[in-house]
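Just so we're on the same page: letters track the sequence lines, and every chain starts at 1.
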Number of protein chains: 2
Amino acid sequence: MPRQPRRTQAERSGATTFKLVAAAQELFGRDGYAPTSIEAIAAAAGMTKGAAYHHFRGKAALFRSVFVEEQRQIADALRQAAAREPDSWSALLRGCRTFLEHCLNPAFRQIVLLDGPAVLGWEQVREIEYAHTLRVLTEGMNAAAADGAMIDGDLPARCQLIFGALCEAGMLLARSDDPVRALPVVAAEAERLLGSLAR
Amino acid sequence: MPRQPRRTQAERSGATTFKLVAAAQELFGRDGYAPTSIEAIAAAAGMTKGAAYHHFRGKAALFRSVFVEEQRQIADALRQAAAREPDSWSALLRGCRTFLEHCLNPAFRQIVLLDGPAVLGWEQVREIEYAHTLRVLTEGMNAAAADGAMIDGDLPARCQLIFGALCEAGMLLARSDDPVRALPVVAAEAERLLGSLAR
DNA sequence: CCCACTTCCATACCGAGAGTATGTAACTGA
DNA sequence: TCAGTTACATACTCTCGGTATGGAAGTGGG
């Protein structure tokens, strides 16, 4: 009978990668990609560089995991918010507002909006986003279009444009003097933009 | 009577900074910010690091000059394109299309859309853009609004959102399989977005 | 239970590159 | 003419990403 190890390999591995990604998310989000060293991340996770380089190809790969994690989180938030709305159109509007609110999180802005494109390149960012944030947006738009609530056009391209507008709105909002008071006006403008696409 | 030097200090200084910025624009645009070393830039400009660090605080400062130069170039292109249009609204549309075409330039995308925000931060990027690209867009929108061609709302915020949409559209366009054929459809969607704001 | 094998992680090391210190040539102004 | 400033090169340091190596922990077949 094989003796039982205190922790299986999968457990060890999973625990350390989780701790690494969590620490990286914290530091990348606070200080940005370039000023954050792998060594600092490993130390914050209670280990050394060796562990990090064992589980990740390099700094960019670790960042990628953090980026994906951020995407997962916001996609979840968007889904939940949209699910509470009665119809496809109001779900779309609610999603936009939720996204803007999420942009008040500095770590999200730093990782997803500022560093993401530079570190991963547009190709990869878009690929990841299309599996999360953009996916939710696309589904919402398709639903609205299917309900006949939206004027005709190229929906994938439209999603992309709206998404770009929302990202910019998020930055604008977050860097305003009083984000809480600026939210309604920015959200209103975003909804006006979206509303103008309504049939 | 002071003897005439072959070149005045201002001439020397101006010539080297110009060569440095030109070389940096070339390399940053082709390879990106991180993979481009100061030494490589200086060498391409026919000098050593010392010159670069004499005229610029550091790598980011040199990049900033390049970024500003890119902004100047596109702002000029936008102004020229818009000036040929008969009315404020068609000038706005023409400007959007010109911006999209400009996004086909890989160096512009790399410097302005990908690296800019990560290297300079959103604050600084916005400040520079507001003196160039966003300034042109704002003027165009104000003119259109003054002509009564646009629905009411917060114009500064609207400029920002439209600008974000255009940037995303530019990336989408540039990375498509056949940019030349994709341009009409993306431009159409952008113009639909803008057109929906028409009165 | 044993033992070769793999996985996990730490320590030691290497090289690239950003930034600094210092020296020297070119220009300036009194 | 010459002291002082500006422009630039050379030499150096130091941080940091990445690799090589060694050992500890877990795994699976006998």
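Using a 4.0 Å heavy-atom cutoff across all strands shown, A:S37 reaches sugar-phosphate atoms only and no base atom. At a threshold of 4.0 angstrom between heavy atoms, the contacts of B:T36 are confined to the sugar-phosphate backbone, with no base atom among them. Within 4.0 Å (heavy atoms only), B:S13 reaches sugar-phosphate atoms of the nucleic acid but no base atom.
Between the NE2 atom of B:H54 and the P atom of C:dC27 there is a distance of 14 Å, rounded to whole Å. When rounded to the nearest whole Å, the span between NZ of A:K19 and C1' of C:dC8 equals 13 Å. One interatomic measurement links the two molecules: CD1 of B:I41 to P of D:dA9, which rounds to 15 Å at whole-angstrom precision. When rounded to the nearest whole Å, the span between CG of B:D31 and C1' of C:dG17 equals 15 Å. What separates OH of B:Y53 from P of C:dG17 is a distance of 12 Å, to the nearest Å. When the C1' atom of D:dG17 is taken as reference, atom CD of A:E39 falls 10 Å away, rounded to whole Å. Protein atom CD of A:E11 is 17 Å distant from nucleotide atom P of C:dT7, rounded to whole Å. In this structure, A:I38 atom CD1 and D:dT15 atom P are separated by 18 Å, rounded to whole Å.
By the 4.5 Å heavy-atom criterion applied to side chains, B:L194 and B:L93 are counted as neighbours. Counting heavy atoms from C-beta on, the side chains of B:L173 and B:C103 never come closer than 4.5 Å.
Hydrophobic clustering (ILVMFWY, side-chain heavy atoms < 4.5 Å, transitive): B:I151 and A:I151 are in one cluster.
For A:A51, the listed nucleotide lying nearest its side chain is C:dC9; candidates were D:dG17, C:dC9, D:dC8.
Using a cutoff of 4.0 Å between basic side-chain nitrogens and carboxylate oxygens, B:R192 and A:D154 are not scored as salt-bridged. A salt bridge links B:E139 and B:R79; the closest N-O separation between the charged side-chain nitrogens and carboxylate oxygens is under 4.0 Å.
Nearest-nucleotide mapping onto DNA chain C: of B:R57 and A:M47, the residue sitting toward the 5' end is A:M47. Nearer to the 5' terminus of DNA chain D, by closest-nucleotide assignment, is the contact made by B:R12 (compared with the other of B:K49 and B:R12). Taking the nucleotide of DNA chain C with the nearest heavy atom to each of B:T8 and B:G50, the more 5' of the two is matched to B:G50.
Checking the phosphate oxygens (OP1, OP2) of D:dC8, a side-chain nitrogen or oxygen of B:H55 falls inside 4.0 Å.
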